[in-house]
Amino acid sequence: SGILGLVGRNRQPALVRSLVANVSALQCALGSVVLRRTAVTTFLRAQRSALNPATVSSNSVSTATLSSSAMHSHVLRGLQLSEQVVHKAAKAPTLCLRTGWRHASHPTRATPEGFSAYITSATSGPGVASGSTGPVPQTSTHASSTFGAQATPGTSGSTLAASEPSEPRAETASVSVLPPVQTPAAAAPPPVSFRRYSQHIKGDYNLLQQLSQPPEAYAEGPAILDSIVKVYTVHSKPNHFLPWQNHPKRESTGTGFVIHDRLILTNAHVVADSTYVLVKRHGSGTKYRADVQAVGHDCDLAILSVEDPGFWSSPTDMLPLELGEVPALQQDVVVVGYPTGGDNTSVTSGVVSRVEVAQYVHAASHLMAIQIDAAINPGNSGGPALQGSQVVGVAFQNLPHAENIGYIIPTPVVRHFLSEVSKFGHYPGYCSLGVMCQNLENPHLRRALGMSQGMTGVLVNSIQATSRAAQVIQKGDVLLEFAGVPIANDGTVHLRHRERIYFSYLITLKASGSAAPLKLLRRGKVMEAEVQLHPNELLVPVHMYDRLPSYFIYAGVVFVPLSQPYLHEYGEDWVNSCPRRLYDKAMHGQIQHPGQQVVVLSQVLVDDANTGYQQFQNLQVLRVNGVEVLNLEHLKKLVLGAAAGSSEGEQTGIGSAIPLREDIVRFELEDDRLMVVDRASAEAAAHRIAERYRVPALLSPDIA
C-alpha cells in the first residue's frame, strides 16, 4: 500500500496496474523492513522500463525516482509495510546465528547470551545442518499460536559428531595448583542500561521468594486439568530501524500451569514483548488479567501471577503440579495444552526419543532438551508434559516439515530457572565459561599437545576477555575435566547409562556466582584450578525482548548499538540481505571491555545540518573527536560533553587531517569515512528535525 500510494501520487495508473499484477514479486521487498529509497527507486525504474523501455533512460526517471528528502519524509510518516507474520509451528520463531563455534538460532531471534556462544563447536540443535552458514530448511519452531508474527530463518554453527566413547580417565603424571592469571583491568566504559519495555514484568521479590520452598500440596488425578490454563497475549515489538516506533501489535495464545501458590509457569516466547496478558482456567468462560513476574528468555520460561482471588478459588482451588525427574528413553509422556483448532484442553501422548543439548529457537541458546514424538502444535507452548501426576517437561517447540517431533524443556532446566528467580527476584541468565573449544579426536593433535594415552579433553581456542575464566584459562590449554567430570575428545560427558551429552550442559546448570573446579593440561603439565561462573555478556546482543532499543539523534544522524534484532529488520532472508560487515560483527565479534557496544550510524534524517551525508548508513562509528567510542552512551557524552579541543587521545587515522575545534564535532567511521557536524547548526536543527520526522525524543530515556 505504501508503494502504490507513492506511485499514485505521481499519477502513473499504468504503473499501478503493473504493480498490482506483480504483487508476488513485491513480497520479497515487504515484511518488516522499512522501505528504503534505493530499493524503491530501483524497483520503480524496473517497472516503468517494463511498461515502456524506450521512455526510461538513466537520466529520465522523474516519476519513478523520489527525492531523498521526500522519500525519507514518506518513510518516516509510516509508509512502512507492517509485518506479514505467520507464527505457525512450522515457521515460527526465528533462528539467530552464531557461526564457527556459535550456534544458530532465532529471529527477533538470534544467538543468546551464553554458553554455546562461547563454548565450542556445540552440538547442533534440532533442524540445524552441520556446518551450515545460510538459512536452513528445517528449524525448530515455537509452539505458541500466534497471529501477525513473522518467522525468520537462522543458521547454525559447526557441530560435533557425537560418538559414544568409553569413560575416559586422565593420566596425571604431575599435578599442580594453577594460580590465577593476573590480567590488567580494562578501563570501564559508561555502564549500559536498558529500560523495560513491558510494564507487566513486575518482579515482585516477596512473591517470587516462595519458590525456594516446596508447596504444601500438589494436584493429583482430575485436579491436574484444573491447574492448566490458557494464556492470551497481545505483543508489540519495537522497530529497530525506527527505534522510537513499534511494529503493529499481534496476538497469540499459549498454555501455562500452576507451579507454586498463585504462580503460573509458561514459555517466555508466549509473553515476549507483551503489552497485555490474560489467562483462563480449564472449563471456565472468564478471562483474568495476569502479570509477568519473571522471564528467562535464554531458557524460554516465564512466571505469571494473577491478583484476582476468584481466579484461584472458583470453581475449585488450584493446586501446583509437582516436578519430576528426566524421563528415560522410550518412557510414555502426555502433553496437555490448548493448541489451535479449539478452545478446550487437548491431550496428546508419545514417548521419549532422546535427551541432548539442543537449540532453543526463542533466544538461540543451546540447553538440555528432550525430544518426544507427541504432537506439539501452536498453542501448546508452556503446557506440561506429564508422567502420571508429575511434570517431566514443558512443551516449547517442534521440528517443522517432520511428523510428530516435538521438544520439551526438562525439569533440571526448570528447577534452575526457579532457583535463580527465587534467589535474585529475576533471572540473570545461564552461566558460561566464555571459551571456544575444539574437539581433539585427531590422535596426532593430541600427541602434539602432550596428551598421554587415555587422556581426553577439548582444546581451548579463544577466551572472552571479560569472562572470569580468562583469569585461569589460557589459549592452548586442554580442558580435561569440569566439576570433576571427565570430558571426552568429542566434547561430551556421561549422562546416564549409555547416554552422553555435550559438556556445556554441566556449566549451564550451575548457579550464578558458584565456583567449579577445572582440570587443565598446559604445556604437558596437568594443573587444577577453580573458576567462578557468571553469565557473560556479548558484544552484539542476540535478542532484545522486553526492551526498547537505545538510540541517539544528532543533527539528524541516527546512532544505534548493533544487535541481531536490528539485522532481523532486513526481513525473512536477513542473513543474505543485511549488510555483510554488520553480519560479520554480529556473528564473530568478541567483546573486549565491559559494556562495550558496536555503535552504528543507522541512517540520516535529511536536513540542512547534514546535507551531503544522506548516503551514509550502516557504518560503524570508530571515533568521535579522536576518542574511540566504547558504547552509545559514551558517544553521546563525547558529542554533547566538553569542548572538542579538550578531548584526550592520540590523533590518528583519517580524522587527523582536520584539527579539533570547539565549534565542530568530528566523526570517524569505518571505510575511512569522515563526517564533520557544525555544533551551532546541529542545535538549531534539533527541533526542526524532530518535528519534520515526528520523532518524540532525540535520544532514548536509558541514555538521557
Side-chain angles (χ1 to χ4, degrees), residues 31-32 82-95 106-109 139-152 197-201 228-239 246-257 264-282 287-293 295-297 300-304 306 335-346 360-363 375-384 394-398 400 406-407 409 543-546 565 568 572:
S32 61
S82 62
E83 303 176 273
Q84 309 289 321
V85 186
V86 181
H87 203 93
K88 299 181 180 177
K91 293 187 178 179
T94 55
L95 291 192
H106 149 79
T108 337
R109 311 125 187 167
T139 56
S140 299
T141 65
H142 296 321
S144 62
S145 176
T146 318
F147 309 96
Q150 177 165 345
T152 304
Y197 170 51
S198 173
Q199 298 301 316
H200 302 301
I201 302 181
I228 301 173
V229 303
K230 187 171 185 178
V231 183
Y232 301 82
T233 309
V234 179
H235 313 258
S236 181
K237 70 177 184 178
N239 183 335
N246 286 350
H247 284 297
K249 73 176 182 67
R250 60 181 177 87
E251 300 178 8
S252 71
T253 63
T255 306
F257 62 94
I264 298 170
L265 185 69
T266 187
N267 283 142
H269 72 260
V270 172
V271 295
D273 292 324
S274 63
T275 57
Y276 199 75
V277 182
L278 297 171
V279 294
K280 186 176 73 171
R281 289 186 55 165
H282 168 66
K287 299 175 184 177
Y288 294 84
R289 176 72 177 275
D291 294 322
V292 181
Q293 291 291 342
V295 177
H297 290 291
D300 204 359
L301 292 170
I303 296 176
L304 311 180
V306 179
V335 178
V336 185
Y338 293 87
T340 55
D343 201 41
N344 292 327
T345 307
S346 171
Y360 284 37
V361 298
H362 176 61
I376 296 180
N377 296 308
N380 270 125
S381 285
V394 180
F396 74 114
Q397 65 187 31
N398 64 10
Y407 292 87
I409 302 172
H543 63 80
M544 295 287 289
Y545 298 114
D546 299 314
H568 295 153
E572 186 171 329

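These figures come from a predicted structure and were not determined experimentally.
Looking at residues two or more places apart in sequence or on another chain, you find a side-chain contact (heavy atoms from CB on, under 4.5 Å) between Ser346 and Pro339, Thr348. For Tyr232, the ring pair (Phe, Tyr, Trp, His ring centres under 6.0 Å) test picks out no residue, with sequence neighbours left out.
Separation of atoms NZ (Lys230) and NZ (Lys287) is listed at 7.5 Å; rounding is to 0.5 Å. Rounded to the nearest 0.5 Å, atoms CG (Leu278) and CG (Leu304) are 11.0 Å apart. Between the CD1 atom in Ile303 and the CG atom in Asp291 there is a gap of 13.0 Å [rounded to 0.5 Å].
Note on ring orientation: taking the six-membered ring where Trp is involved, the planes of Tyr407 and Phe396 are perpendicular (angle over 60°, cut-offs 30° and 60°).
Thr233 contributes a side-chain N or O that, together with a main-chain N or O of Val270, makes up a donor-acceptor pair within less than 3.5 Å. Thr275 places a side-chain N or O within 3.5 Å of a backbone atom of Val234 that can act as its donor or acceptor partner. Remark: the backbone N or O of Arg250 is not paired with any side-chain donor or acceptor of Ser236 at under 3.5 angstrom. Panel note: side chain Thr266, backbone Thr255; a donor-acceptor pair is recorded below 3.5 Å.
Taking every heavy atom of both residues into account, His297 and Ala363 meet most closely at O-CB, 3.3 Å. The minimum heavy-atom distance between Val292 and Ser274, with the atom names listed, is CG2-OG, 4.1 Å. Closest non-hydrogen pair, Val306 versus Ala290, comes out as CG2-CB, 4.1 Å. Of all the heavy atoms in Ala375 and Asn380, the pair that sits closest is O-OD1, 4.0 Å.
His235 and Asp273 share no donor-acceptor pair across their side chains, judged by distance under 3.5 Å alone. If you check the side chains of Thr345 and Tyr338, you find a donor sitting under 3.5 Å from an acceptor.
Residues Gln397 and Asn267 form no side-chain contact, since every pair of their non-hydrogen atoms from C-beta on lies 4.5 Å or further apart. Side-chain atoms of His269 and Asp300, non-hydrogen and from C-beta on, do get closer than 4.5 Å to each other. For the pair Asn246 and Asn239, the minimum side-chain heavy-atom distance is 4.5 Å or more.
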